[in-house]
Participant: 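First the structure, then my questions, so here it is.
Chain naming here is simple, since letters A, B, ... match the order of the sequence lines and numbering starts at 1 in each. Since we're looking at a predicted model, the values are computed, not measured.
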Amino acid sequence: MRLSNYFLPTLKEDPAEAQIVSHRLMLRAGLVKQASAGIYSWLPLGLKVLRKVEQIVREEQDSAGAQELLMPTIQAAELWQESGRYDGYGKEMLRIIDRHDREMLYGPTNEELITDIFRQSVRSYKDLSKILYHIQWKFRDEVRPRFGVMRGREFLMKDAYSFDLDYESARESYNRMFVSYLRTFARMGLQAIPMQADTGPIGGDLSHEFIILADTGESDVFCHKDYLGFDALAEVADYQGDLGPVVNKWTSLYAATDEKHDPGQAAELGDNLISARGIEVGHIFYFGTKYSKAMGATITGPEGDQLHPEMGSYGIGVSRLVGAIIEAYHDDDGIVWPDSVAPFSVGVLNLRTGDIDCDNACADIVNKLEAAGQDVLYDDRDERAGAKFATMDLIGLPWQAIMGPRGLKNGVIELKHRATGEREELSIESALSKLCA
RNA sequence: CGGGGUGUAGCGCAGCCUGGUAGCGCAUCUGCUUUGGGAGCAGAGGGCCGGGAGUUCAAAUCUCUCCACCCCGACCA
């Protein structure tokens with residue numbers, strides 16, 4: 001992609017409304033644009049990142065045996081009246097009246113809809129267990145949206161729902177999601193800590209929040225410091241096998257959100273206790289038959305009896321993750337994307353656009369990189385070198401190939417690694433092989 | 001929902017107290033010079049001063065009102 005032709009409206013100065021670093025950088029790097037309070041447009045560069053995050057979530061859901069579907073954003077009020085939540089949910093739910101005076105709503109979550117789909121389609125215990133998920137926009141009319149995409153009113157969420165015959169089987173579904181969450185966040189470079197959590201209005205008695213420690217987090221959290229050394233990707237994720245040991249390991253140490261915090265128990269940790277702020281990036285619940293009972297979802301069991309399936313629900317804030325990743329990966333110059341979610345893998349900087357040799361050398365390396373499957377952003381703008389360095393640092397691509405007449409005269413270009421700041425001069429060939437490694 | 005604050009050019013802001021032809025920096029456009037860390041000079045374009053109502057000879061400025069946005073708290077899959 002040529003930057004001269006790319007829609008990338010970056011800002012030199014900090015927008016006044018953005019208080020936390022991820023919000024500032026998302027606006028400055030041209031990732032998003034605010035449409036109303038808590039509602040954002042995703043611009044091309046931001047959308048690329050959002051899609052990458054989404055894809056990692058999808059791959060890990062699929063590996064764990066969950067199946068993707070897509071439910072609508074707009075739902076009929078009847079289902080919510082059935083579950084009893086239509087009145088209970090309050091003003092956070094955006095209610096809509098259609099032309100036939102029928103009450104509709106913009107879904108804040110999808111338990112009712114998925115339970116309706118399930119009850120109409122599944123009759124036998126032989127069809128269980130099932131985990132269904134979708135990645136869809138949600139709307140919650142928050143009293144006070146803030147921090148950019150971290151607490152938006154409209155946000156992209158992955159929500160999964162499990163249906164099982166009995167408690168033991170439901171626990172296995174819970175464990176699958178638990179492990180897949182560990183892997184999902186780790187693949188994005190995030191150290192997410194599963195913490196005992198309150199179940200809130202969803203109900204149920206088993207719940208974990210996945211928390212990223214960050215000063216700008218909205219929750220007060222407490223955990224054993226050894227969690228910081230845990231490596232989720234080192235865990236073998238064989239979803240056919242027993243996941244109990246992995247879950248046990250990750251829940252063996254103290255970790256709790258504010259609501260579940262037990263000061264007495266925490267005090268026993270002594271110096272090992274971390275008391276910090278955290279960003280909630282995922283939340284999983286087991287809630288038994290709460291919805292299947294309320295909505296009359298039944299299946300025929302092995303004995304021919306009618307049973308309500310045991311359910312759980314599992315959410316990941318996809319759009320929030322983009323902000324959370326930036327909170328974890330940035331420096332004074334801008335964003336520092338982890339490779340797995342970077343919008344482009346390499347930025348090529350032409351330091352002297354208009355110089356034939358320089359233009360040709362850049363075009364050549366861009367072609368070769370793209371032929372090798374790299375996603376390249378080529379800064380061919382008619383700008384001075386300084387502006388190109390600043391832009392590239394701001395948008396945080398993992399690698400910068402810096403090409404100017406000075407180096408090319410000697411047959412070398414400069415490779416800069418954004419995360420470490422290390423630069424080295426290499427021949428074009430060695431630079432190519434390093435970037436494509 | 002309680003408390004506080006801000007709306008003036010695409011972005012960041014001054015002007016408001018004390019009413020009198022709307023300004024600065026960046027960005028944009030043109031020209032020349034420059035060219036390895038957000039260039040210099042010269043010129044140009046761009047504003048219902050958030051909306052409405054009022055006071056006044058005269059309102060960005062004073063009054064009332066509505067709206068939007070931000071911050072603190074409460075709330076929050």
Participant: Below 4.0 angstrom, N of the basic side chain to O of the carboxylate: do A:R119 and A:E82 qualify?
Facilitator: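 A salt bridge links A:R119 with A:E82.
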Participant: Say whether A:R58 and A:Q61, considering side chains only, have a donor N or O and an acceptor N or O under 3.5 Å apart.
Facilitator: no
Participant: Let me know the distance between CD of A:E17 and C1' of B:C72, rounded to the nearest Å.
Facilitator: 18 Å
Participant: Quickly work out the A:R151 CZ to B:A74 P distance and round it to whole Å.
Facilitator: 12 Å
Participant: What nucleic acid atoms does A:A385 come within less than 4.0 Å of, heavy atoms only: base, sugar-phosphate, or nothing?
Facilitator: sugar-phosphate
Participant: Return the nucleotide paired to B:C32: Watson-Crick means purine N1 to pyrimidine N3 with N6-O4 or O6-N4, wobble means G-U with N1-O2 and O6-N3, both under 3.5 Å.
Facilitator: B:G40
Participant: Would you call A:R418-A:D331 a salt bridge at under 4.0 Å N-O?
Facilitator: yes
Participant: A:Y161 pairs by side chain to side chain contact (heavy atoms under 4.5 Å, CB included) with which of A:I131, A:I117, A:I114, A:T115?
Facilitator: A:I114
Participant: Side chain of A:A16, heavy atoms from C-beta onward: which of B:C13, B:A74, B:G36 has the nearest atom to it?
Facilitator: B:C13
Participant: Quantified in whole Å, what is the C1' atom distance between nucleotide B:C49 and nucleotide B:C13?
Facilitator: 14 Å
Participant: Whole-Å distance between B:C70 C1' and A:L27 CG?
Facilitator: 13 Å
Participant: Roughly how far apart, to the nearest Å, are B:G20 and B:A27 at atom P?
Facilitator: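 After rounding to an integer number of Å, I get 32 Å for this pair.
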Participant: Do any of residues 1-8 of chain A sit with a heavy atom less than 4.0 Å from RNA chain B, and if so which?
Facilitator: none
Participant: How about A:F163 and A:F118: are their ring centroids closer than 6.0 Å?
Facilitator: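 Ring centroids of A:F163 and A:F118 are less than 6.0 Å from each other.
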Participant: In this structure, which one of A:K290, A:E112, A:K293 forms a side chain to side chain donor-acceptor pair (under 3.5 Å) with A:S83?
Facilitator: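 The single option meeting the side chain to side chain donor-acceptor pair (under 3.5 Å) with A:S83 is A:E112.
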Participant: Determine the minimum heavy-atom distance between A:M71 and A:H134, stating which atoms define it.
Facilitator: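 That would be N-CD2, 3.1 Å.
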Participant: Could you tell me if the ring centre of A:W80 sits under 6.0 Å from that of A:Y89?
Facilitator: yes
Participant: By the definition side chain to side chain contact (heavy atoms under 4.5 Å, CB included), identify the one residue from A:D339, A:V336, A:L435, A:V346 that meets it with A:P398.
Facilitator: A:D339
Participant: Sort out the partner of B:G7 for me: Watson-Crick or G-U wobble, both distances under 3.5 Å, none otherwise.
Facilitator: B:C67
Participant: Check whether any side-chain nitrogen or oxygen of A:K12 sits under 4.0 Å from OP1 or OP2 of B:C26, and answer yes or no.
Facilitator: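 For A:K12, the contact criterion (side-chain N or O under 4.0 Å from OP1 or OP2 of B:C26) is not met.
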Participant: Let me know the distance between CG of A:L349 and P of B:G36, rounded to the nearest Å.
Facilitator: 13 Å
Participant: A:S4 and side chain to side chain donor-acceptor pair (under 3.5 Å): which single residue from A:D382, A:D380, A:T353 fits?
Facilitator: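 The single option meeting the side chain to side chain donor-acceptor pair (under 3.5 Å) with A:S4 is A:D380.
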Participant: Hunt down the Watson-Crick or G-U wobble partner of B:G46, both distances under 3.5 Å, from any strand shown, or write none.
Facilitator: none
Participant: Pairing check on B:C13: which nucleotide meets the Watson-Crick or G-U wobble criteria with it, both distances under 3.5 Å?
Facilitator: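 With both distances under 3.5 Å, B:C13 matches B:G23.
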Participant: Grab the CG-P distance between A:D333 and B:G38 for me, whole Å please.
Facilitator: 12 Å
Participant: If you measure from the C1' atom in B:C70 to the same atom in B:U34, how many Å do you get, rounded?
Facilitator: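 Rounded to whole Å, the distance is 42 Å.
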Participant: Of the residues in residues 61-84 of chain A, which ones touch RNA chain B at a heavy-atom distance under 4.0 Å?
Facilitator: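 Those residues whose heavy atoms fall under 4.0 Å from RNA chain B, taken from residues 61-84 of chain A, amount to none.
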Participant: Quick one about A:S162 and A:Y314 (side-chain donor to acceptor, distance below 3.5 Å, no hydrogens or angles considered), yes or no?
Facilitator: yes
Participant: A:E13 has a side chain; which of B:G36, B:C26, B:C72 sits nearest to it?
Facilitator: B:C26
Participant: Return whichever of A:A18 or A:R352 has its heavy-atom-nearest nucleotide of RNA chain B closer to the 5' end.
Facilitator: A:R352
Participant: Determine whether the side chains of A:Q136 and A:D159 contain a donor N or O and an acceptor N or O closer than 3.5 Å.
Facilitator: no
Participant: At a heavy-atom distance below 4.0 Å, what parts of residues 29-49 of chain A sit against RNA chain B?
Facilitator: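 Under 4.0 Å from RNA chain B: A:Q34, A:S36, A:A37.
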Participant: How many Å lie between CD on A:Q19 and P on B:U6, as a whole number?
Facilitator: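 Those two atoms, CD and P, are 14 Å apart.
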Participant: Going by distance alone, is a donor N or O of one side chain under 3.5 Å from an acceptor N or O of the other, for A:S427 and A:S430?
Facilitator: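 Note: A:S427 and A:S430 side chains meet the donor-acceptor criterion.
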Participant: For RNA chain B, whose closest nucleotide is more 5', that of A:L394 or that of A:D14?
Facilitator: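 It is A:D14, whose closest nucleotide lies nearer the 5' terminus.
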Participant: Between A:A214 and A:I279, what is the shortest heavy-atom contact and its length?
Facilitator: CB-CD1, 3.7 Å
Participant: Pairing check on B:G2: which nucleotide meets the Watson-Crick or G-U wobble criteria with it, both distances under 3.5 Å?
Facilitator: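 B:G2 is paired with B:C72.
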Participant: Can A:F178 and A:F210 be said to form a ring pair (Phe, Tyr, Trp, His ring centres under 6.0 Å), step by step?
Facilitator: CA-CA 9 Å; A:F178 188 103; A:F210 289 75; 5.4 Å; yes
Participant: Contact class for A:P108 vs. all strands (heavy atom < 4.0 Å): base, sugar-phosphate, or nothing?
Facilitator: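 If one applies the 4.0 Å heavy-atom cut-off, A:P108 turns out to touch nothing in the nucleic acid.
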Participant: I'd like the P distance from B:C24 over to B:G47, given in whole Å.
Facilitator: 16 Å
Participant: For A:E370, enumerate each residue passing the salt bridge (Lys or Arg N to Asp or Glu O under 4.0 Å) test, keeping only those at least two apart in sequence or located in another chain.
Facilitator: none
Participant: Assign A:G407 to base, sugar-phosphate, or nothing according to its heavy-atom contacts below 4.0 angstrom with the strands shown.
Facilitator: base
Participant: According to the Watson-Crick and G-U wobble definitions, with both distances under 3.5 Å, which nucleotide is paired to B:G54?
Facilitator: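 B:G54 is paired, partner B:C62.
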Participant: Using a distance-only test with no angle check, is there a side-chain donor-acceptor pair under 3.5 angstrom linking A:Y254 and A:H261?
Facilitator: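 Judged by distance alone, the side chains do pair up.
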Participant: Is there a donor on the side chain of A:E383 or the base of B:G38 sitting less than 3.5 Å from an acceptor on the other?
Facilitator: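 Answer no: no donor N or O sits under 3.5 Å from an acceptor.
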Participant: Using a strict cut-off of less than 4.0 Å between a Lys/Arg side-chain nitrogen and an Asp/Glu carboxylate oxygen, indicate whether A:R277 and A:D215 qualify as a salt bridge.
Facilitator: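 Salt bridge: no.
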Participant: Is the base of B:G38 touched by the side chain of A:R381 through a donor-acceptor pair closer than 3.5 angstrom?
Facilitator: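 No, the side chain and the base share no sub-3.5 Å donor-acceptor pair.
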Participant: So does A:R144 get a side-chain nitrogen or oxygen closer than 4.0 Å to the phosphate oxygens (OP1/OP2) of B:C75?
Facilitator: no
Participant: Starting from P on B:G36, measure out to CG on A:D382 and report it in whole angstrom.
Facilitator: 14 Å
Participant: For nucleotides 31-34 of chain B, tabulate all protein N/O to nucleotide N/O atom pairs closer than 3.5 Å, reporting atom names and distance.
Facilitator:
unit_1	atom_1	unit_2	atom_2	d
B:U34	O2	A:R384	NH1	2.8

Participant: So which of residues 217-224 of chain A are in contact with RNA chain B, with a heavy-atom cut-off of under 4.0 Å?
Facilitator: none
Participant: Taking the P atom in each of B:G43 and B:C26, what is the distance between them to the nearest angstrom?
Facilitator: 14 Å
Participant: Output the rounded distance in Å from CZ (A:R320) to P (B:C76).
Facilitator: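 About 14 Å, once rounded to whole Å.
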Participant: Is it true that A:R171 and A:E168 make a salt bridge, defined as a side-chain N closer than 4.0 Å to a carboxylate O?
Facilitator: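 So A:R171 does not pair with A:E168 through a salt bridge.
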Participant: Determine the interatomic distance between P on B:C17 and the same-named atom on B:G50; round to the nearest Å.
Facilitator: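 After rounding to an integer number of Å, I get 15 Å for this pair.
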Participant: Ring centres under 6.0 Å, that's the criterion: do A:Y227 and A:F230 meet it?
Facilitator: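 Yes; A:F230 has its ring centre under 6.0 Å from that of A:Y227.
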Participant: When rounded to the nearest Å, what value does the distance between C1' atoms of B:G5 and B:C29 take?
Facilitator: 37 Å
Participant: With rounding to whole Å, what would you report as the distance between B:U33 and B:C16 at their C1' atoms?
Facilitator: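 Approximately 42 Å lies between the C1' atom of B:U33 and that of B:C16.
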